[in-house]
Amino acid sequence: MNPRLETLHAVEASCWQELQRAVKARDHGWRQVVLATVGEAGADARTVVLRDVEVPSRELFFYSDSRAAKVTELVADPRATLVLWAGHLGWQLRLRCTVEVLTSGLDVSSRWARLKLTPAARDYLSPLPPGAPLTPSEPDRASREHFCVLRARVLSLDWLELHPDGHRRARFTAGSEPPWQWLSP
Ligand SMILES: Cc1cc2nc3c(=O)[nH]c(=O)nc-3n(C[C@H](O)[C@H](O)[C@H](O)COP(=O)(O)O)c2cc1C
């Protein structure tokens with residue numbers, strides 16, 4: 001286990017460094033993120049893959065099908081919570097965010113240009129929206145892609161460290177003074 005971080009500043013820097021690592025490292029626990037949204041019937045949640053991190057603007061990027069239920073939910077209410085767990089660090093992150101759905105522009109076209117050359121492109125080419133009932137007569141190819149990018153701006157970050165010497169918790173809230181605070185776990 002790594003030496004324990006002593007300062008809130010070090011905790012914040014390490015969280016963002018680990019998020020950047022998770023984009024590249026397939027076995028990093030933070031690569032697979034639980035995205036919770038507000039649906040008409042109440043809370044909803046599902047797993048998505050972390051694709052990109054912009055540290056200066058505190059933004060995380062995910063890919064989805066623009067017809068998915070989560071996209072409809074986020075357009076109606078952009079509030080979301082992301083939950084991440086990395087067993088090798090013993091760290092849980094709970095990120096409160098607002099999420100913007102991007103369906104056009106450079107952020108989308110540059111990523112689709114790379115993705116469409118890979119087998120993963122078929123995830124965004126289905127003729128049926130995600131969650132639609134399957135029937136035998138459906139066509140098996142889409143006429144166009146339904147790729148979209150979800151841009152999550154982190155408003156607050158709740159860090160929980162599980163450790164044999166004692167658990168620790170801290171929260172960062174954008175715009176508050178001071179932005180970081182140690183909390184009882
Ligand atoms: C390991 C894993 C990774 C996933 N990654 C994504 C993803 O990056 N984007 C996505 O839209 N769905 C992803 N899914 C599928 C979603 O969890 C979900 O089943 C699907 O998007 C439909 O969700 P919705 O009806 O809430 O929109 C993933 C599922 C698993 C199990």
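Order of appearance sets the numbers: ligands from 1, and atoms from 1 within every ligand. Everything quoted here is computed from the prediction, not taken from an experiment.
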Among L82, D52, V49, side chain to side chain contact (heavy atoms under 4.5 Å, CB included) partner for F62: L82
Would you please say whether a donor-acceptor pair under 3.5 Å links the side chains of T173 and R96? no
Of V34, T47, V33, the residue with the heavy atom nearest atom 28 (C) of ligand 1 is T47
Under-4.0 Å heavy-atom contact between protein and atom 21 (O) of ligand 1: yes
Applying the side chain to side chain contact (heavy atoms under 4.5 Å, CB included) criterion to C148, which one of V71, L102, D65, V108 satisfies it? V71
Please work out, at 4.0 Å between heavy atoms, whether the side chain, the backbone, both, or neither of Q32 comes within that distance of ligand 1. side chain
Give me the residue, atom name and distance of the protein heavy atom closest to atom 11 (O) of ligand 1. S64 OG, 2.8 Å
With sequence neighbours excluded, tell me which residues meet ring-ring contact (aromatic ring centres under 6.0 Å, His included) with F172. W180
For atom 23 (O) of ligand 1, which protein heavy atom lies nearest, and how many Å away is it? K70 NZ, 3.4 Å
Using heavy atoms and a threshold below 4.0 Å, how should the contact between A69 and ligand 1 be classified: side chain, backbone, both, or neither? both
Any heavy atom of Y63 under 4.0 Å from ligand 1? The part involved is backbone
Keeping S64 on the side-chain end and S66 on the backbone end, is there a donor-acceptor pair under 3.5 Å? no
What protein heavy atom is closest to atom 8 (O) of ligand 1, reported as residue, atom name and distance in Å? V49 N, 3.0 Å
Any N or O on R46 sitting closer than 3.5 Å to an N or O of ligand 1? yes
Strictly below 4.0 Å, N to O, side chains only: are K70 and E73 in salt-bridge contact? no
If you measure every N or O of V48 against every N or O of ligand 1, does any of those distances drop under 3.5 Å? no
Partners meeting ring-ring contact (aromatic ring centres under 6.0 Å, His included) with W112 (sequence neighbours left out): F147
